[in-house]
Structure formats: structure tokens, C-alpha cells
Amino acid sequence: MEREVARQVEIFRRGVVDLIEQSELEERLTESLVQKRPLRIKFGMDPTSPDLHVGHAVPLMKLRALQELGHQIVLIVGDATAMVGDPSGRNKLRPPLSRAEIEHNLQTYVDQVGRVLDVKKTEVRRNSEWFDKMEFQDVLKLASRMTVARMVERDTFQKRMSENEPIGIHEFLYPLMQGWDSVMIRCDLELGGTDQLFNLLRGRDLQREESQPGQICFTTRLLNGSDGRKMSKSYGNAIAFNESATEMYRKLTEVPDDVLHDWFVTLTTLDLTEVEEILRGDRRAASLRLAAEITTFFHGVDAVQAAREDYEKRRAGGIPDDVPEADWPEPGAELPLMVLLARVGLASSSSEGRRLVEGGGVKIDGVVVKDPKAALSQPARSLVLQVGKNRFARVRGSR
RNA sequence: GGGGAGAUUCCGGAGCGGCCAAACGGGCCAGACUGUAAAUCUGGUGGCUCAGCCUUCGGCGGUUCGAAUCCGCCUCUCCCCA
């Protein structure tokens with residue numbers, strides 16, 4: 001029994017930053033084992049963007065491991081909270097999302113989560129289930145559970161106040177709403193990113209006030225993208241779930257060396273001693289291994305093999321196989337290179353096309369061309385345009 | 001309710017009425033170097049079939065030969081007082 005508890009605690013703790021409190025976790029695990037009652041572990045996601053990325057995979061991988069231990073994962077889809085917007089880590093007031101946007105994002109969410117978790121074994125709840133039923137007086141009652149002073153101590157609010165950024169009153173409600181979710185589903189533990197600790201603790205407080213045992217809170221590290229900022233699609237530094245195997249593999253090989261350790265620990269299921277061994281070796285090999293591990297998880301072994309070949313090919317300066325194709329934009333007409341780049345989507349405008357060409361970043365069939373106005377006519381077969389190292393387009397010929 | 005400050009290109013932040021498509025920094029893109037990593041260095045960063053032209057400085061009007069810069073109103077934000 002004790003050994004089993006210790007084993008599970010070890011799994012709970014892997015890659016975890018905060019754990020409040022470990023002794024409680026041990027007690028509750030023991031209780032769970034004795035009563036043969038799985039722990040209810042809550043994880044909330046607000047459907048604020050349609051795509052999940054590997055940053056989201058960190059807590060999901062953790063949940064997966066806990067699910068395999070037989071615990072009950074409760075996924076809260078925050079369709080009500082999404083309308084408020086979590087202020088954590090935000091330096092700007094966000095425009096609230098509309099119901100329609102939320103519904104749209106929500107559709108794709110559960111599918112994507114299903115790539116990591118066993119959705120059949122997961123309890124999926126929307127928090128509009130209880131928030132839509134609330135009367136205004138219930139809201140007031142909930143709001144009275146928190147003081148302004150405590151809310152305002154938070155880093156994010158401190159920062160925004162000192163930078164004279166606006167803070168909406170409704171934003172103060174967010175942590176309380178998230179905490180109320182915990183009360184409603186009577187959860188034992190809640191998982192979140194490190195920026196969620198404040199919110200998680202509100203759930204613990206609220207549960208206690210409602211005479212429930214306070215949830216145990218634990219957090220996982222937030223992943224940074226290649227630029228050091230928090231990974232986010234809007235920063236363009238994210239690796240999405242729905243990315244092709246070759247793209248995913250390639251992007252993963254570009255992960256900075258100094259985060260390799262964290263990524264191995266949080267995103268792979270490799271044994272920790274093995275991870276140490278890999279990292280003691282060649283850095284380059286380690287980063288390739290990471291790419292292989294994660295890509296395998298999402299796309300399978302065969303896809304990784306193909307991705308690796310593609311990667312090697314690019315590295316050698318060759319043209320990869322899965323180049324997106326495009327038609328000649330204006331059949332019969334000649335087009336300056338800068339315009340063609342924009343038309344086939346390799347540049348966001350012909351002005352940008354011109355800059356890229358002048359900067360020496362554009363190749364036609366592997367040859368650098370530096371004249372943005374070079375007139376091109378539709379090729380007989382096809383030609384391959386390349387911008388930078390990784391962006392390609394094959395323009396189809398006339399037949 | 002009263003008083004003050006402010007809104008600039010992705011972000012931060014300069015900007016004598018003409019020399020402003022708008023300094024500088026960050027980010028981003030491209031190039032060099034490399035392990036197609038990091039760091040560093042170089043160039044670029046509104047649009048247009050582009051030596052020229054067109055549209056930008058919260059919104060709408062006005063003054064002027066000429067406005068991001070001056071005036072009026074509006075919208076939004078912050079600060080102080082109550």
C-alpha cells in the first residue's frame with residue numbers, strides 16, 4: 001500500500017512545479033486506494049482559440065499518466081469563463097468572446113484533447129451548466145468571497161496597475177468562477193499551468209467554505225516558444241497538435257537547447273534516468289530524439305520515418321516531397337517574381353516579396369534570384385519557389 | 001460629480017506645421033556563421049506589376065498652399081480629488 005502510494009506520488013510529481021500539499025496528496029491517495037475510489041482530477045480549458053499546441057500538451061500528458069493510474073479526469077470546458085477571459089499573465093484587457101466564437105472553438109477542442117487523453121474515460125463538463133443558472137444574487141454572494149486587497153496583490157494586476165492598464169471588474173470574477181467549478185464537481189485535485197496557481201487556490205478556499213475538502217493544487221511548467229515568450233499561437237511560436245508530422249518534427253528540432261530537459265520531462269514518457277542519459281550525450285542527437293519522441297506520439301512511427309527523411313533532405317539543401325502546390329495565378333501572363341511570391345502565398349504582399357528577393361532570400365528551382373522584377377512566364381512543367389529555409393511552393397506548369 | 005494627463009506603424013516609445021511612411025528599442029522576416037539550435041554580425045520591416053504612385057498617426061469636422069503636429073466636438077484609457 002505505502003509503496004503504491006509512493007509510486008503514484010512519484011508520477012504525480014514528475015515535471016510538476018508546485019504541489020500544495022504533498023502530505024495531503026499522500027493522504028488522499030491512501031484513502032482512494034482503500035476505498036477503491038478514483039480521485040477526481042480537474043483540468044479546465046477555455047475555448048478561446050481553436051487550436052491546441054504542445055504547450056497544452058504538458059498538462060494533458062500529465063493527466064494521461066494519471067488517467068492510466070485509474071483516476072477520473074474531469075475536463076472542464078470553460079464556455080462560461082471564456083466570456084470573461086482569464087486575466088492571469090495578461091497585460092491587457094481582452095475583448096470578451098461571443099457565444100458563437102466559443103461554440104466554434106469548443107467543437108474542435110474535445111477532438112484535439114482526445115489525441116492525448118482517452119476521452120471515453122474522461123468526464124467532460126461545460127461550466128455554463130451551472131453558471132447559466134446563477135441568479136444575480138448568487139453572483140453577488142460568490143463575489144463577496146474575495147476581497148479586493150487579495151485580488152489586487154496578484155502580480156498581473158499589480159503590473160497592470162503600475163503600467164496604467166485598465167482592469168475590468170469582471171476580471172476579478174474569473175478566479176472565483178474557476179474556483180466555483182471545483183465546488184460543483186467536488187474535485188480532489190486541480191491541475192493548471194504555473195500561472196494558474198492563484199486561481200487553483202481559490203477553488204481550494206471555496207471548497208472549504210462549502211464544507212468540502214479543499215482540492216490539492218499542482219502546476220506544470222509553461223513552455224516557451226523559440227523566442228522565449230510563452231508559447232502561443234498569436235506569437236507564432238507554437239507547435240500545434242494538428243500540424244503535419246514533417247512540420248512538427250522540423251519545428252521540434254529547432255527547440256532551443258536549454259529547454260530540452262523540460263520538454264523531455266513534461267512531453268515524453270521516457271524514464272527520467274534515460275532522459276538524463278540522453279542529455280549527457282550530444283545535444284544535437286538529443287534534440288533529434290525529442291523531435292522523434294513527440295512526433296511519434298502524435299503521428300506514429302511511420303510518419304516519423306518520413307519526417308526524418310524529409311528533414312535530412314532539406315538539410316542537404318534539397319527540395320522536400322510535400323511541397324504545397326499552386327496554380328499559375330494568371331494563365332498565359334508574365335509576372336514579376338515579387339508579385340508571383342505574393343500570389344502563391346509565400347509573401348504577404350508583393351512589397352514583402354520584393355524585400356525578400358532583394359535580401360537574397362528567394363530561390364527558384366534552388367537558384368538564388370535577386371531581381372524582384374524578373375519577369376517569369378508560366379513554365380512548361382513546374383517550378384519550385386523557395387523563401388528562406390523552410391517555405392516552398394511548387395507552381396504548376398501549363399500541362 | 002470636479003480637476004489633470006493621454007490615444008502614433010506588431011509592441012514599447014520619439015516626433016520644431018513642410019526635410020515624416022514617421023527616430024530609437026523589442027519582436028518578426030531574410031542573409032552570414034552554425035548543429036537549418038543558441039549567441040553574434042548584416043540587411044529589411046504600410047500598400048501597389050514599385051526610379052513613381054496610393055493610404056496611414058483613436059473618430060468626425062475645421063484652420064492652412066501644406067497637419068501625426070494647430071482648433072472644435074465625439075469615443076476610449078489612466079491619474080488625483082470627492
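The basis for the numbers below is simple: all heavy atoms, side chains too, and nothing from hydrogens, waters or symmetry mates. By convention in this document, chain letters (A, B, ...) are assigned in the order of the sequence lines, proteins followed by strands, and residues within each chain are numbered from 1.
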Separation of B:G44 C1' from A:Glu358 CD (nearest whole Å):
9 Å

Expressed in whole Å, how much space separates the P atoms belonging to B:C48 and B:U75?
36 Å

Within 45° cone and under 6.0 Å: A:Arg154 NZ/CZ vs A:Phe157 ring:
yes

What nucleic acid atoms does A:Glu334 come within less than 4.0 Å of, heavy atoms only: base, sugar-phosphate, or nothing?
base

Given B:U49, is OP1 or OP2 found less than 4.0 Å from the side-chain N or O atoms of A:Ser350?
yes

Taking atom C1' in both B:G35 and B:G25, compute the distance separating them and give it to the nearest angstrom.
31 Å

Would you kindly give the NE2-to-C1' distance between A:His261 and B:A37, to the nearest whole Å?
18 Å

Might you point out which heavy atoms bring A:Met61 and A:Leu267 nearest each other, and give the distance in Å?
CE-O, 3.6 Å

Can you tell me which nucleotide in B:C78, B:C29, B:A38 comes closest to the side chain of A:Pro256?
B:A38

Pair A:Asp46, A:Tyr174: side-chain N/O donor-acceptor within cut-off below 3.5 Å
yes

Stem regions touching RNA chain B, defined by at least 3 consecutive Watson-Crick or wobble G-U pairs below 3.5 angstrom:
B:1-7 with B:75-81, B:10-12 with B:24-26, B:27-32 with B:40-45, B:46-48 with B:52-54, B:58-62 with B:70-74

Which Ile, Leu, Val, Met, Phe, Trp or Tyr residues join A:Val362 in one cluster when any pair of side-chain heavy atoms under 4.5 Å counts as a link?
A:Trp328, A:Leu335, A:Leu337, A:Met338, A:Val339, A:Leu340, A:Leu341, A:Val344, A:Leu346, A:Leu356, A:Val357, A:Ile364, A:Val369, A:Leu376, A:Leu383, A:Leu385, A:Val387, A:Val395

Nearest-angstrom distance, C1' atom, B:G27 to B:C11:
7 Å

Does a side-chain N or O from A:Ser349 land closer than 4.0 Å to OP1 or OP2 of B:G46, or not?
no

Separation of B:A5 P from A:Glu165 CD (nearest whole Å):
20 Å

At less than 4.0 Å, is any side-chain N or O atom of A:Lys373 found next to OP1 or OP2 of B:A51? Yes or no.
yes

Taking B:G62 as the reference, what is the distance to B:C10 when you measure between their C1' atoms (whole Å, please)?
33 Å

Provide, to the nearest angstrom, the distance between the CZ atom belonging to A:Phe392 and the P atom belonging to B:A30.
12 Å

Length of the CD-P vector between A:Glu171 and B:U77, whole Å:
12 Å

Close residues, residues 336-346 of chain A, relative to RNA chain B [heavy-atom separation under 4.0 Å]:
A:Pro336, A:Met338, A:Val339

Intermediate values then yes/no, side chain to side chain contact (heavy atoms under 4.5 Å, CB included), A:Leu25 and A:Phe12:
CA-CA 9 Å; A:Leu25 174 62; A:Phe12 270 87; 3.9 Å; yes

Which nucleotide in B:C33, B:A30, B:G35 has an atom nearest any side-chain atom of A:Arg283:
B:G35

Which part of the nucleic acid, if any, lies within contact of A:Asp258, taking any heavy atom under 4.0 Å across all strands shown: a base, the sugar-phosphate backbone alone, or nothing?
nothing

Picking from B:A37, B:G46, B:G35, the nucleotide nearest the side-chain atoms of A:Ser287 would be B:G35

When you measure from the side chain of A:Lys389, which nucleotide among B:C33, B:C79, B:A30 comes out closest?
B:C33

Without decimals, in angstroms, what is the distance between A:Asp257 CG and B:A38 P?
9 Å

For a quick check of understanding: with a heavy-atom distance under 4.0 Å over all strands, which category does A:Leu260 fall into, base, sugar-phosphate or nothing?
nothing

Minimum-distance nucleotide to A:Arg355 side chain [options: B:G47, B:C78, B:A30]:
B:G47

Output the rounded distance in Å from CG (A:Leu356) to P (B:U45).
11 Å

Side-chain N or O of A:Ser351 less than 4.0 angstrom from OP1 or OP2 on B:C48?
yes

If the P atom of B:C73 is compared with that of B:A5, how far apart are they to the nearest Å?
15 Å

When you compare the side chain of A:Gln215 with that of A:Leu189, does any pair of heavy atoms fall below 4.5 Å?
no

Please report the distance separating the P of B:A38 from the corresponding atom of B:G46, rounded so that it comes out in whole Å.
25 Å

Mind checking the P distance from B:U8 to B:C70? Whole angstroms is fine.
16 Å

If the P atom of B:C60 is compared with that of B:U69, how far apart are they to the nearest Å?
13 Å

